[in-house]
Amino acid sequence: MKNSILIVFLFLSTLGFTQNWSTNIEDAKAKATAENKTIVLVFSGSDWCAPCIKLDKNVWQSEDFKTYATEKLVLVRADFPKKKANVLPEALQISNKALAEKYNQEGYFPLVVVLNAQGKVIAKKGYENQNAAKYVAELQTLIK
């Protein structure tokens with residue numbers, strides 16, 4: 001009985017980790033090409049940008065988005081935290097800055113950039129305090 005409970009617990013705990021956010025655009029392009037998926041590149045300020053935090057909570061963490069993303073998307077996050085406690089490794093900061101120079105020259109946060117497998121911009125989208133179902137529906141229309 002204890003083993004059954006442990007197995008169920010382990011299975012349920014893995015459900016929350018179904019999203020795999022990458023920080024490497026080249027790896028994302030390779031995966032998108034191999035799996036025939038679209039790339040979603042998200043620019044966020046995880047510890048200071050209120051709309052970024054809402055987007056994460058209301059959309060990225062939702063089951064609607066997780067299901068859709070698993071089937072159709074390769075996820076890349078370029079985070080720009082400001083608090084000293086959340087400082088990223090220098091190599092990641094440099095990589096994120098390069099992504100921003102290429103895909104977010106305006107400096108918008110949050111910014112969701114939809115890319116094809118070669119890294120060409122298909123569309124850009126912000127966040128308007130939407131629920132996950134509506135946001136996913138809008139992503140689907142952008143990708144088609």
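Any value given below was found using the heavy atoms of this structure, including those in side chains, with hydrogens, waters and symmetry copies removed.
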Residues clustering with L41 (ILVMFWY side chains joined when closer than 4.5 Å, directly or via others): I25, I39, F43, W48, V74, V76, F80, L99, Y103, Y108, F109, L111, V113, L115, V121
How does the hydrophobic cluster around I94 look, that is, which other residues are in it when side-chain heavy atoms under 4.5 Å mark a link? none
Do K124 and V114 make a side-chain contact, defined as non-hydrogen atoms from C-beta onward lying under 4.5 Å apart? no
Gap between atom CD of Q61 and atom CG of L55 - 0.5 Å precision: 10.0 Å
Quick one: salt bridge (Lys or Arg N to Asp or Glu O under 4.0 Å) partners of E26, sequence neighbours excluded? K29
What residues form a side chain to side chain contact (heavy atoms under 4.5 Å, CB included) with K120, not counting sequence neighbours? N116
Parallel, tilted or perpendicular, as decided by the 30° and 60° cut-offs, for the rings of Y135 and W60: perpendicular
State plainly whether one hydrophobic cluster holds both I122 and V42, where clusters connect Ile, Leu, Val, Met, Phe, Trp and Tyr through side-chain heavy atoms under 4.5 angstrom apart. yes
By side chain to side chain contact (heavy atoms under 4.5 Å, CB included), which residues pair with I53, not counting sequence neighbours? none
Rounded to the nearest 0.5 angstrom, the OG1-NZ distance for T67 and K72 is 12.5 Å
Apart from V87 itself, residues in the same hydrophobic cluster as defined by side-chain heavy atoms under 4.5 Å: none
Side chain to side chain donor-acceptor pair (under 3.5 Å): which pairs involve residues 90-101, sequence neighbours left out? none
Return the set of residues passing salt bridge (Lys or Arg N to Asp or Glu O under 4.0 Å) with D56 (not counting sequence neighbours), or none when no residue passes. R77
Sorted by chain and residue number, the side-chain hydrogen bond (donor to acceptor under 3.5 Å, both in side chains) partners of N58 (sequence neighbours excluded) come out as Y127
Taking atom CD1 of I143 and atom OG1 of T38, what is their separation to the nearest 0.5 Å? 4.5 Å
Which residues pass the side-chain hydrogen bond (donor to acceptor under 3.5 Å, both in side chains) test with E138, sequence neighbours left out? K125, Q130
Non-hydrogen side-chain atoms of C49 and P110 separated by less than 4.5 Å: yes
Minimal heavy-atom distance between F65 and L75, with the atoms involved, is CZ-CD2, 3.7 Å
Heavy-atom count around N36 CG within 6.0 Å, excluding the residue itself: above 12? no
Pair V112, V40 - check side chain to side chain contact (heavy atoms under 4.5 Å, CB included), show working. CA-CA 7 Å; V112 177; V40 169; 3.6 Å; yes
Hey, could you give me the OG1/CG distance between T141 and L139, rounded to the nearest 0.5 Å? 8.0 Å
Under the side chain to side chain contact (heavy atoms under 4.5 Å, CB included) test, residues paired with S46 that sit two or more places apart: D79, P81
Could you pull out all residues at least two apart from A133 that satisfy side chain to side chain contact (heavy atoms under 4.5 Å, CB included)? D64, N131
Is the backbone of A117 close enough, under 3.5 Å, to the side chain of K37 for a donor and an acceptor to pair up by distance? no
